[in-house]
Amino acid sequence: MNWDDFRIIAAVRDEGTYAGASARLRIDETTVGRRLARIERALGLRLFEAADGVRKPTAQCEMVLAHVQAMAVHADEIGRIGESLPGPVGRLRIASTSAIAEEVLAPRAANFLRAHPGLSLQFLTSSENVKFSRWEADLAIRLRKPDRGDFAISKLAEIRIYLFEPVAATAGDAVMCIYPDELDGTPEMQFLRARRVRGRCVTDNVRVIRTLIQSHQAAGVLPEHGCADLLSDRRLRATLLPKRRDAWLLVQNHLKHDAAARVTIDWVRACFQEISRG
(Lines give C-alpha, C1' and ligand atoms only; values in the text may rest on other atoms or scores of the structure.)
Protein backbone atom coordinates (compact mmCIF):
# COMPACT_ATOMS: atom_id res chain seq x y z
CA MET A 1 0.00 0.00 0.00
CA ASN A 2 1.15 3.50 -0.82
CA TRP A 3 -0.45 6.89 -1.19
CA ASP A 4 -0.82 6.54 -4.98
CA ASP A 5 -2.85 3.35 -4.46
CA PHE A 6 -5.27 5.16 -2.19
CA ARG A 7 -5.57 8.03 -4.67
CA ILE A 8 -6.71 5.54 -7.31
CA ILE A 9 -9.48 4.24 -5.04
CA ALA A 10 -10.68 7.79 -4.36
CA ALA A 11 -10.54 8.76 -8.05
CA VAL A 12 -12.62 5.76 -9.15
CA ARG A 13 -15.18 6.53 -6.43
CA ASP A 14 -15.38 10.22 -7.43
CA GLU A 15 -15.43 9.71 -11.21
CA GLY A 16 -17.44 6.46 -11.31
CA THR A 17 -15.37 4.95 -14.14
CA TYR A 18 -11.85 3.82 -14.85
CA ALA A 19 -11.77 6.26 -17.77
CA GLY A 20 -12.69 9.18 -15.53
CA ALA A 21 -10.11 8.17 -12.91
CA SER A 22 -7.55 7.79 -15.69
CA ALA A 23 -8.15 11.35 -16.94
CA ARG A 24 -8.06 12.77 -13.41
CA LEU A 25 -4.84 11.02 -12.43
CA ARG A 26 -3.26 11.28 -15.91
CA ILE A 27 -2.44 7.60 -16.11
CA ASP A 28 -3.56 4.95 -18.59
CA GLU A 29 -7.06 3.47 -18.10
CA THR A 30 -5.73 -0.10 -18.19
CA THR A 31 -3.22 0.87 -15.49
CA VAL A 32 -6.08 2.06 -13.29
CA GLY A 33 -7.88 -1.27 -13.68
CA ARG A 34 -4.73 -3.33 -13.16
CA ARG A 35 -3.65 -1.44 -10.04
CA LEU A 36 -7.15 -1.48 -8.56
CA ALA A 37 -7.22 -5.26 -8.99
CA ARG A 38 -3.86 -5.52 -7.25
CA ILE A 39 -5.14 -3.35 -4.37
CA GLU A 40 -8.20 -5.55 -3.97
CA ARG A 41 -6.01 -8.66 -3.84
CA ALA A 42 -3.72 -7.05 -1.27
CA LEU A 43 -6.64 -6.00 0.94
CA GLY A 44 -8.71 -9.14 0.36
CA LEU A 45 -11.73 -6.93 -0.36
CA ARG A 46 -14.08 -6.16 -3.21
CA LEU A 47 -13.97 -2.38 -3.53
CA PHE A 48 -16.34 -1.64 -6.43
CA GLU A 49 -19.39 -3.15 -8.08
CA ALA A 50 -20.32 -2.38 -11.70
CA ALA A 51 -23.91 -1.15 -12.11
CA ASP A 52 -25.27 0.54 -15.24
CA GLY A 53 -21.76 1.31 -16.47
CA VAL A 54 -20.73 2.99 -13.22
CA ARG A 55 -18.32 1.74 -10.55
CA LYS A 56 -20.06 1.98 -7.19
CA PRO A 57 -18.09 1.55 -3.96
CA THR A 58 -18.91 -1.39 -1.73
CA ALA A 59 -19.49 -0.98 2.02
CA GLN A 60 -15.90 -2.11 2.63
CA CYS A 61 -14.68 0.48 0.12
CA GLU A 62 -16.55 3.23 1.99
CA MET A 63 -14.71 2.20 5.16
CA VAL A 64 -11.38 2.38 3.32
CA LEU A 65 -12.29 5.75 1.83
CA ALA A 66 -13.04 7.20 5.27
CA HIS A 67 -9.39 6.57 6.16
CA VAL A 68 -8.24 7.86 2.76
CA GLN A 69 -10.07 11.13 3.41
CA ALA A 70 -8.32 11.51 6.77
CA MET A 71 -4.98 10.76 5.10
CA ALA A 72 -5.66 13.39 2.44
CA VAL A 73 -6.29 15.99 5.15
CA HIS A 74 -2.99 15.09 6.84
CA ALA A 75 -1.13 15.15 3.51
CA ASP A 76 -2.49 18.63 2.83
CA GLU A 77 -1.44 19.79 6.29
CA ILE A 78 2.06 18.40 5.73
CA GLY A 79 2.27 20.33 2.49
CA ARG A 80 1.46 23.56 4.31
CA ILE A 81 4.04 23.16 7.07
CA GLY A 82 6.60 25.11 5.06
CA GLU A 83 4.16 28.00 4.68
CA SER A 84 4.11 28.50 8.46
CA LEU A 85 7.88 28.84 8.74
CA PRO A 86 9.64 32.17 8.06
CA GLY A 87 12.32 32.25 5.41
CA PRO A 88 13.46 29.47 3.05
CA VAL A 89 12.54 25.85 3.70
CA GLY A 90 14.61 22.82 2.82
CA ARG A 91 17.16 20.19 3.81
CA LEU A 92 20.69 20.59 2.50
CA ARG A 93 23.34 17.85 2.52
CA ILE A 94 26.90 19.15 2.91
CA ALA A 95 29.85 16.85 2.16
CA SER A 96 33.24 17.69 3.66
CA THR A 97 36.13 16.26 5.62
CA SER A 98 35.43 15.52 9.26
CA ALA A 99 37.78 18.32 10.34
CA ILE A 100 35.95 20.96 8.26
CA ALA A 101 32.57 19.82 9.58
CA GLU A 102 33.72 19.68 13.20
CA GLU A 103 35.92 22.76 13.37
CA VAL A 104 34.52 25.20 10.80
CA LEU A 105 30.83 24.42 10.28
CA ALA A 106 29.55 22.74 13.46
CA PRO A 107 30.57 25.53 15.89
CA ARG A 108 28.51 27.98 13.84
CA ALA A 109 25.64 25.71 12.77
CA ALA A 110 23.35 26.15 15.78
CA ASN A 111 23.06 29.93 15.38
CA PHE A 112 22.45 29.50 11.65
CA LEU A 113 19.68 26.94 12.16
CA ARG A 114 18.04 29.01 14.91
CA ALA A 115 17.94 31.98 12.53
CA HIS A 116 16.38 29.83 9.76
CA PRO A 117 13.78 27.52 11.34
CA GLY A 118 12.71 26.18 7.95
CA LEU A 119 16.15 24.75 7.16
CA SER A 120 17.82 21.48 8.11
CA LEU A 121 21.44 20.48 7.51
CA GLN A 122 22.89 17.01 7.02
CA PHE A 123 26.67 16.71 7.35
CA LEU A 124 28.30 13.96 5.28
CA THR A 125 31.85 13.52 6.54
CA SER A 126 34.75 11.40 5.39
CA SER A 127 38.53 11.52 5.12
CA GLU A 128 37.94 10.77 1.44
CA ASN A 129 35.83 12.87 -0.89
CA VAL A 130 32.17 11.97 -0.57
CA LYS A 131 30.90 11.14 -4.06
CA PHE A 132 29.33 14.35 -5.31
CA SER A 133 26.39 13.05 -7.29
CA ARG A 134 23.03 14.81 -7.28
CA TRP A 135 21.65 12.01 -5.15
CA GLU A 136 24.38 11.97 -2.47
CA ALA A 137 25.15 15.62 -1.65
CA ASP A 138 23.89 19.12 -2.45
CA LEU A 139 27.02 21.07 -1.49
CA ALA A 140 30.59 19.90 -1.01
CA ILE A 141 33.71 21.50 0.41
CA ARG A 142 36.97 20.34 -1.16
CA LEU A 143 40.54 21.12 -0.15
CA ARG A 144 41.70 20.43 -3.68
CA LYS A 145 40.17 21.93 -6.83
CA PRO A 146 38.36 19.29 -8.90
CA ASP A 147 39.56 18.95 -12.48
CA ARG A 148 36.04 18.82 -13.88
CA GLY A 149 32.44 18.02 -13.02
CA ASP A 150 28.82 18.91 -13.69
CA PHE A 151 28.55 21.46 -10.88
CA ALA A 152 29.34 25.07 -10.03
CA ILE A 153 32.67 25.60 -8.28
CA SER A 154 34.12 28.63 -6.52
CA LYS A 155 36.96 29.32 -4.10
CA LEU A 156 35.94 29.66 -0.47
CA ALA A 157 39.17 30.69 1.20
CA GLU A 158 42.92 30.35 1.44
CA ILE A 159 43.56 28.60 4.74
CA ARG A 160 46.69 29.44 6.71
CA ILE A 161 48.91 26.51 7.72
CA TYR A 162 51.22 26.27 10.73
CA LEU A 163 54.12 24.06 11.74
CA PHE A 164 53.90 23.31 15.47
CA GLU A 165 56.98 22.15 17.37
CA PRO A 166 57.59 21.66 21.11
CA VAL A 167 59.81 24.45 22.41
CA ALA A 168 61.63 22.19 24.89
CA ALA A 169 62.52 19.43 22.42
CA THR A 170 65.98 19.46 20.87
CA ALA A 171 66.38 19.01 17.14
CA GLY A 172 65.27 15.55 16.06
CA ASP A 173 63.77 14.60 19.43
CA ALA A 174 60.15 15.44 18.64
CA VAL A 175 58.03 12.75 17.02
CA MET A 176 57.26 14.04 13.52
CA CYS A 177 53.72 13.65 12.24
CA ILE A 178 53.15 13.55 8.49
CA TYR A 179 50.29 12.85 6.11
CA PRO A 180 50.04 9.74 3.88
CA ASP A 181 51.52 9.58 0.38
CA GLU A 182 48.22 10.30 -1.36
CA LEU A 183 48.36 13.82 0.14
CA ASP A 184 51.83 14.56 -1.25
CA GLY A 185 50.41 17.33 -3.44
CA THR A 186 49.19 19.40 -0.49
CA PRO A 187 51.14 22.44 0.79
CA GLU A 188 51.58 20.67 4.13
CA MET A 189 53.38 17.69 2.64
CA GLN A 190 55.32 19.79 0.14
CA PHE A 191 56.77 21.72 3.08
CA LEU A 192 57.61 18.58 5.06
CA ARG A 193 59.16 16.85 2.03
CA ALA A 194 61.33 19.90 1.36
CA ARG A 195 62.63 19.66 4.96
CA ARG A 196 63.33 15.93 4.47
CA VAL A 197 61.73 15.11 7.79
CA ARG A 198 61.44 11.53 9.00
CA GLY A 199 57.78 10.96 9.62
CA ARG A 200 57.16 8.56 12.48
CA CYS A 201 53.40 9.04 12.76
CA VAL A 202 51.45 8.87 9.48
CA THR A 203 47.76 9.81 9.44
CA ASP A 204 45.21 11.82 7.46
CA ASN A 205 43.33 12.63 10.68
CA VAL A 206 44.17 16.14 11.87
CA ARG A 207 42.68 15.42 15.30
CA VAL A 208 45.28 12.69 15.84
CA ILE A 209 48.08 15.09 14.88
CA ARG A 210 46.70 17.83 17.13
CA THR A 211 46.50 15.45 20.09
CA LEU A 212 50.12 14.41 19.58
CA ILE A 213 51.22 18.04 19.34
CA GLN A 214 49.36 18.83 22.57
CA SER A 215 51.52 16.22 24.33
CA HIS A 216 54.51 18.53 23.71
CA GLN A 217 56.42 15.53 22.43
CA ALA A 218 55.51 15.76 18.74
CA ALA A 219 55.59 18.16 15.80
CA GLY A 220 53.28 18.50 12.83
CA VAL A 221 51.59 20.77 10.32
CA LEU A 222 47.96 21.78 10.81
CA PRO A 223 45.46 24.16 9.16
CA GLU A 224 44.46 27.23 11.16
CA HIS A 225 40.92 26.11 12.00
CA GLY A 226 40.85 24.40 15.35
CA CYS A 227 44.35 25.57 16.34
CA ALA A 228 43.56 28.49 18.65
CA ASP A 229 44.65 26.56 21.74
CA LEU A 230 47.90 25.51 20.08
CA LEU A 231 48.72 29.04 18.96
CA SER A 232 48.33 30.30 22.52
CA ASP A 233 50.39 27.46 24.06
CA ARG A 234 53.77 28.90 25.10
CA ARG A 235 55.31 25.44 25.17
CA LEU A 236 54.81 25.23 21.42
CA ARG A 237 56.54 27.12 18.64
CA ALA A 238 54.21 27.97 15.75
CA THR A 239 55.64 28.83 12.34
CA LEU A 240 53.32 30.21 9.67
CA LEU A 241 54.08 28.48 6.36
CA PRO A 242 54.41 30.58 3.19
CA LYS A 243 51.87 28.52 1.22
CA ARG A 244 48.19 28.27 2.04
CA ARG A 245 45.64 25.54 1.46
CA ASP A 246 42.74 26.42 -0.85
CA ALA A 247 39.17 25.51 0.06
CA TRP A 248 36.61 25.11 -2.75
CA LEU A 249 32.83 25.05 -2.72
CA LEU A 250 30.94 22.76 -5.09
CA VAL A 251 27.22 23.34 -5.70
CA GLN A 252 24.83 21.21 -7.71
CA ASN A 253 23.78 23.18 -10.80
CA HIS A 254 20.05 22.72 -10.16
CA LEU A 255 20.43 24.47 -6.77
CA LYS A 256 22.15 27.66 -7.92
CA HIS A 257 18.91 29.66 -7.72
CA ASP A 258 17.25 27.73 -4.87
CA ALA A 259 16.47 30.02 -1.92
CA ALA A 260 17.43 27.48 0.77
CA ALA A 261 20.67 26.65 -1.03
CA ARG A 262 21.59 30.32 -1.48
CA VAL A 263 21.16 31.05 2.25
CA THR A 264 23.25 27.97 3.12
CA ILE A 265 25.96 28.88 0.61
CA ASP A 266 26.21 32.39 2.10
CA TRP A 267 26.53 30.85 5.56
CA VAL A 268 29.30 28.46 4.48
CA ARG A 269 31.19 31.39 2.96
CA ALA A 270 30.77 33.41 6.16
CA CYS A 271 32.16 30.49 8.20
CA PHE A 272 35.35 30.45 6.14
CA GLN A 273 35.65 34.24 6.13
CA GLU A 274 35.48 34.15 9.92
CA ILE A 275 38.36 31.71 10.29
CA SER A 276 40.35 33.64 7.69
CA ARG A 277 40.00 36.82 9.79
CA GLY A 278 40.92 35.00 13.00
Side-chain angles (χ1 to χ4, degrees), residues 78-79 81-82 85-161 179-189 203-210 222-227 244-276 278:
I78 290 170
I81 287 176
L85 297 172
V89 176
R91 180 180 181 216
L92 278 296
R93 300 161 299 169
I94 304 177
S96 73
T97 64
S98 296
I100 291 294
E102 293 172 9
E103 297 167 356
V104 179
L105 303 180
R108 301 163 176 85
N111 285 338
F112 172 71
L113 292 172
R114 283 171 61 88
H116 300 282
L119 294 182
S120 298
L121 298 179
Q122 179 181 358
F123 294 107
L124 308 172
T125 60
S126 172
S127 57
E128 301 291 332
N129 285 341
V130 175
K131 186 177 179 183
F132 192 54
S133 71
R134 177 168 178 168
W135 309 114
E136 294 189 20
D138 301 305
L139 313 176
I141 298 167
R142 295 280 186 264
L143 298 179
R144 185 180 302 174
K145 186 177 182 181
D147 295 329
R148 59 186 176 275
D150 185 23
F151 43 76
I153 179 170
S154 58
K155 182 182 282 192
L156 276 173
E158 294 181 353
I159 301 172
R160 290 185 289 264
I161 306 168
Y179 296 95
D181 292 342
E182 57 265 27
L183 296 178
D184 269 356
T186 64
E188 295 95 320
M189 283 302 292
T203 178
D204 62 356
N205 190 320
V206 296
R207 296 185 302 280
V208 171
I209 296 177
R210 183 168 59 233
L222 290 174
E224 62 184 317
H225 49 81
C227 289
R244 298 188 179 191
R245 171 72 87 91
D246 292 340
W248 300 87
L249 177 64
L250 284 58
V251 180
Q252 298 288 2
N253 282 324
H254 71 284
L255 292 175
K256 287 189 292 186
H257 303 294
D258 178 81
R262 290 308 317 169
V263 168
T264 306
I265 290 167
D266 291 342
W267 169 71
V268 170
R269 291 191 175 282
C271 290
F272 277 86
Q273 289 171 2
E274 187 173 332
I275 65 167
S276 297

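Quick caveat, the model's predicted, so the values are computed rather than measured.
The CD1 atom of Ile100 lies 5.0 Å from the CD1 atom of Ile159; values are rounded to the nearest 0.5 Å. For the atom pair CH2 of Trp267 and CG of Leu119, the computed distance is 10.5 Å after rounding to the nearest 0.5 Å. Once rounded to the nearest 0.5 Å, the distance linking CH2 of Trp248 with CG of Leu156 reads 9.5 Å. Here the NE2-CD distance, from His225 to Glu102, works out to 11.0 Å after rounding to the nearest 0.5 Å. Interatomic distance, CD1 of Ile265 versus CD1 of Ile94, reported as 9.5 Å (0.5 Å rounding). The line from CG of Leu222 to CZ of Arg245 is 11.5 Å long, rounded to the nearest 0.5 Å.
Between Leu255 and Leu92 there is a side-chain heavy-atom pair separated by less than 4.5 Å. Under the 4.5 Å side-chain criterion, counting only non-hydrogen atoms from C-beta, Arg142 is not in contact with Ile153. Side-chain contact between Thr264 and Asp138 is absent, with no heavy atoms from C-beta onward closer than 4.5 Å. Residues Thr186 and Leu143 have side chains not in contact (no heavy-atom distance under 4.5 Å, counting atoms from C-beta outward). Contact annotation: the side chain of Lys256 approaches that of Asn253 to within less than 4.5 Å [non-hydrogen atoms, C-beta and beyond]. Using a 4.5 Å cut-off on side-chain heavy atoms (C-beta onward), Ser154 and Arg269 make contact. Residues Phe151 and Leu249 fail the side-chain proximity criterion, which asks for heavy atoms closer than 4.5 Å. Residues Leu250 and Leu139 have side chains not in contact (no heavy-atom distance under 4.5 Å, counting atoms from C-beta outward).
Between Ala259 and Pro88, the shortest heavy-atom contact is C-CB, 3.9 Å. Minimum heavy-atom separation, Ala95 to Ala137: CB-CB, 4.0 Å.
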Item to check | Intermediate values then yes/no, side-chain contact (heavy atoms from CB on, under 4.5 Å), Ile275 and Arg108 | outcome: CA-CA 11 Å; Ile275 65 167; Arg108 301 163 176 85; 3.4 Å; yes
Checklist entry - Would Leu121 and Leu105 count as a side-chain contact (heavy atoms from CB on, under 4.5 Å) if you check the C-alpha gap in whole Å, the side-chain angles of each, and the deciding distance to 0.1 Å? => result CA-CA 11 Å; Leu121 298 179; Leu105 303 180; over 6 Å; no
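The existence of a salt bridge linking Lys145 and Asp246 is excluded, since no basic side-chain nitrogen approaches an acidic carboxylate oxygen closer than 4.0 Å.
At a cut-off of 3.5 Å, with distance as the only test, no side-chain donor of Arg207 or Ser98 sits close to an acceptor on the other residue.
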